[in-house]
Amino acid sequence: MAQISTLQARLTRVQARIAQIEAVYPDIIKYKSYSKGFGETSATYQDFGAVAKEYDRLLAQESALQDQVDALSGTYTTSGIAAFYGPQ
């Protein structure tokens, strides 16, 4: 139980930092540092600088922490279904 609490506290800190970045750089949510091209509005890492790298890292960390919390609390679910068939 202590491990879940620790992970949830880390997750809360990560989510708070993500919220800070999104508040200061609202366009980062829309673009997430991808260049769309072909006349569409685009944004690149140069537009957001080191913040984009931190933001991507935090999003990955948030996902990993959430998966760990879900696995430990027994609420982990998957959205994919795999089927394996042997030779016929």
Side-chain angles (χ1 to χ4, degrees):
M1 197 63 168
Q3 188 176 9
I4 291 175
S5 297
T6 302
L7 289 172
Q8 287 175 330
R10 286 178 54 200
L11 179 60
T12 300
R13 286 192 304 272
V14 167
Q15 290 172 333
R17 180 62 183 146
I18 289 170
Q20 286 176 335
I21 291 172
E22 290 174 350
V24 175
Y25 301 95
D27 287 342
I28 205 167
I29 300 167
K30 182 177 179 183
Y31 301 117
K32 293 188 180 176
S33 303
Y34 298 116
S35 179
K36 295 185 179 185
F38 299 108
E40 294 182 33
T41 307
S42 65
T44 62
Y45 275 117
Q46 290 79 13
D47 296 327
F48 299 112
V51 174
K53 292 178 185 177
E54 180 185 7
Y55 185 71
D56 284 344
R57 182 184 56 79
L58 288 168
L59 290 176
Q61 190 176 7
E62 177 187 34
S63 178
L65 285 169
Q66 188 63 53
D67 288 347
Q68 290 175 6
V69 168
D70 289 346
L72 287 173
S73 65
T75 59
Y76 185 77
T77 59
T78 58
S79 60
I81 298 173
F84 299 95
Y85 298 98
Q88 302 265 336

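With rounding to the nearest 0.5 Å, the separation of CG in Leu11 from CD1 in Ile4 is 12.5 Å. With rounding to the nearest 0.5 Å, the separation of CD in Gln66 from CD in Gln15 is 7.0 Å. One finds the NZ atom of Lys53 at 14.0 Å from the CG atom of Leu58 (value rounded to the nearest 0.5 Å). In this structure, OG1 in Thr12 is found 9.5 Å from CG in Leu65, a value given to the nearest 0.5 Å. With rounding to the nearest 0.5 Å, the separation of CD in Gln8 from CD in Gln3 is 11.0 Å.
At least one side-chain heavy atom of Arg10 sits less than 4.5 Å from a side-chain heavy atom of Gln61.
Between Leu59 and Ile18 the shortest heavy-atom distance is CD2-CD1, 3.9 Å.
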